[in-house]
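What follows is a set of notes on a single structure, which appears directly below.
Hydrogens, waters and symmetry mates play no part in the numbers below; they use all other heavy atoms, side chains included. Numbers for residues simply follow the sequence, beginning at 1.
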Amino acid sequence: MNKVELRKKYKALRAQLSENKIENHSLTIANKLLELDIWQQSFYHIFLTIESYNEVNTDFILNILSGKDKNIVISKSDFKTKTLNNFLLTDSTTIKLNNYNIPEPVDGIEIKNDKIEVVFLPLLAFDQNGNRVGYGKGFYDKFLADCKPETIKIGLSFFEAETKISDVFKDDVALDYCVTPQKIYSF
């Protein structure tokens with residue numbers, strides 16, 4: 001399937017998920033992340049959940065990161081340049097919904113992309129080669145291209161891998177792992 005078909009399919013599948021199933025699957029995904037050998041790093045980038053999109057609830061992962069005393073980095077989207085500006089999440093960080101209902105920091109301590117060691121990625125679908133389908137704006141591909149090559153990229157998905165995404169582009173950045181409620185994929 002191509003990206004357009006996969007976006008349509010997985011948006012429909014997500015829309016069918018109950019609030020209870022989203023919470024249970026999100027907790028299972030967070031617990032599975034503890035099995036990965038990623039916890040010696042310092043700077044972890046995580047997306048804040050867009051509830052209206054039925055995304056994986058990252059609150060459980062935020063609690064793990066906070067409990068492990070990690071530097072948590074969140075982003076603010078620049079829709080003119082289609083880039084992410086990254087900020088350290090602190091006790092004084094103010095989060096507001098932008099015009100697209102994306103929770104974002106108002107301001108804060110800016111963190112350069114090359115400091116980030118682990119990135120948890122939102123996605124709609126992924127394939128057995130680690131290619132992902134996002135919302136189609138390219139924010140994360142630009143962001144990841146600007147991170148260090150050794151940055152660990154982890155997708156979070158309620159659903160299992162597709163066999164193959166037919167229209168992968170040269171600028172698409174593949175995942176290192178994808179975690180679902182059923183398993184951990186390593187690419």
How long is the straight-line distance from CD1 of Ile38 back to CG of Leu33, given to the nearest 0.5 Å? 5.5 Å
Per the side chain to side chain contact (heavy atoms under 4.5 Å, CB included) rule, which among Val173, Leu121, Thr83, Ile116 passes with Phe143? Ile116
Heavy atoms only: give me the nearest Ile184-Glu35 pair and the separation to one decimal. CD1-OE1, 3.7 Å
Verdict with supporting geometry, Asn86 and Glu110, side-chain hydrogen bond (donor to acceptor under 3.5 Å, both in side chains): CA-CA 6 Å; Asn86 299 300; Glu110 194 157 354; over 6 Å; no
To the nearest 0.5 Å, tell me how far Asp146 CG sits from Asn113 CG. 4.5 Å
side-chain hydrogen bond (donor to acceptor under 3.5 Å, both in side chains) between Gln128 and Thr163: does it pass, once the steps are laid out? CA-CA 5 Å; Gln128 294 174 350; Thr163 304; 4.5 Å; no
Please name the pair of heavy atoms, one in Asp141 and one in Asp171, separated by the smallest distance, quoted to 0.1 Å. CB-O, 3.8 Å
Counting only heavy atoms not in Gln41, do more than 12 fall under 6.0 Å of its CD? yes
Side chains of Leu34 and Lys68, heavy atoms from C-beta outward: is any pair under 4.5 Å? yes
Sidechain-backbone polar pair: Lys112 side chain, Cys147 backbone, donor-acceptor under 3.5 Å: no
Could you check whether any side-chain N or O of Ser26 sits under 3.5 Å from a backbone N or O of Ile22, counting only pairs where one atom can act as donor and the other as acceptor? yes
Hydrophobic clustering (ILVMFWY, side-chain heavy atoms < 4.5 Å, transitive) - are Leu97 and Tyr100 grouped together? no
Side chains of Thr58 and Thr49: do they bring a donor and an acceptor to under 3.5 Å? yes
For the pair Lys164 and Asp127, evaluate salt bridge (Lys or Arg N to Asp or Glu O under 4.0 Å) and give the outcome as yes or no after the intermediate values. CA-CA 5 Å; Lys164 184 177 181 186; Asp127 70 13; over 6 Å; no
Could you check whether atom NZ of Lys115 has more than 12 heavy atoms from other residues, nucleotides or ligands sitting under 6.0 Å from it? no
side-chain contact (heavy atoms from CB on, under 4.5 Å), that's the test. Do Ile165 and Asn129 meet it? Break it down for me. CA-CA 9 Å; Ile165 298 168; Asn129 297 315; over 6 Å; no
To the nearest 0.5 Å, what is the distance between OH (Tyr44) and CD1 (Ile154)? 8.5 Å
Validation row: Tyr53, Pro122 side chains within 4.5 angstrom (heavy atoms): no
In this structure, CG of Asn71 is separated from OG of Ser66 (nearest 0.5 Å) by 11.0 Å
Are a donor atom and an acceptor atom from the side chains of Asn2 and Asp167 found within less than 3.5 Å of each other? no
Applying salt bridge (Lys or Arg N to Asp or Glu O under 4.0 Å) as the test, list every pair that has at least one member in residues 8-17; sequence neighbours left out. Lys9-Glu162
Just to verify, which of Val56, Leu36, Ile61 counts as forming a side chain to side chain contact (heavy atoms under 4.5 Å, CB included) with Val179? Leu36
Inter-residue atom distance Ile46.CD1 - Ile72.CD1, 0.5 Å rounding: 7.5 Å
Taking ring pair (Phe, Tyr, Trp, His ring centres under 6.0 Å) as the test, write out the residues that go with Phe126, two or more places apart. Tyr185
Taking the inter-plane angle between the rings of Phe158 and His25 on a 0 to 90° scale, is it parallel (under 30°), tilted (30 to 60°) or perpendicular (over 60°)? tilted
In this structure, is the centre-to-centre distance between the rings of Phe139 and Phe79 below 6.0 Å? yes
When you group the ILVMFWY residues by side-chain heavy-atom contacts below 4.5 Å and let the links chain together, are Tyr135 and Val4 in the same group? no
Decide yes or no on side-chain contact (heavy atoms from CB on, under 4.5 Å) for Leu48 and Ile95, but give the supporting numbers first. CA-CA 10 Å; Leu48 299 178; Ile95 307 287; 3.8 Å; yes
Count the heavy atoms belonging to other residues, nucleotides or ligands that lie under 6.0 Å from CD of Glu19, then report whether that count exceeds 12. no
Side-chain contact test, heavy atoms from C-beta onward, threshold under 4.5 Å: evaluate it for Phe43 versus Lys70 and give yes or no. no
Considering only Ile, Leu, Val, Met, Phe, Trp and Tyr, and joining two whenever side-chain heavy atoms are under 4.5 Å apart, list the other residues clustered with Phe60. Leu27
Heavy-atom pair with the smallest gap, counting every atom of Ala174 and Asn131: CB-OD1, 4.1 Å
Within the structure provided, determine whether Ile152 and Val119 are in side-chain contact (heavy-atom separation under 4.5 Å). no
Closest contact, heavy atoms only, Phe187 versus Cys178: CE1-N, 3.7 Å
Which pair of heavy atoms, one from Leu156 and one from Phe120, lies closest together, and at what distance? CD1-CB, 4.2 Å
Lys3 vs Asp172, test: salt bridge (Lys or Arg N to Asp or Glu O under 4.0 Å). Steps then yes/no. CA-CA 12 Å; Lys3 291 179 183 180; Asp172 291 349; 2.4 Å; yes
Evaluate the side-chain proximity of Tyr140 to Arg132: yes if any heavy-atom separation is below 4.5 Å, no if none is. yes
Among Asn85, Leu89, Leu84, side chain to side chain contact (heavy atoms under 4.5 Å, CB included) partner for Phe87: Asn85
Are Glu150 and Glu117 packed together at the side-chain level, in the sense that at least one heavy-atom pair is separated by less than 4.5 angstrom? no
Distance check, rounded to the nearest 0.5 Å: Ile102 atom CD1 versus Lys76 atom NZ? 12.0 Å
List the steps and the verdict of side-chain contact (heavy atoms from CB on, under 4.5 Å) for Trp39 and Val118. CA-CA 9 Å; Trp39 301 106; Val118 177; over 6 Å; no
Can you see which heavy atom on Ile50 is nearest to which on Asn101, and at what distance? CG2-O, 3.6 Å
Does any part of the side chain of Leu175, heavy atoms only, come nearer than 4.5 Å to the side chain of Leu123, both counted from C-beta? yes
Applying side-chain contact (heavy atoms from CB on, under 4.5 Å) to Asp107 and Thr94, what does each step give before you reach the verdict? CA-CA 7 Å; Asp107 56 19; Thr94 301; 5.8 Å; no
Are any of the side-chain heavy atoms of Ser77 and Glu104 separated by less than 4.5 Å? yes
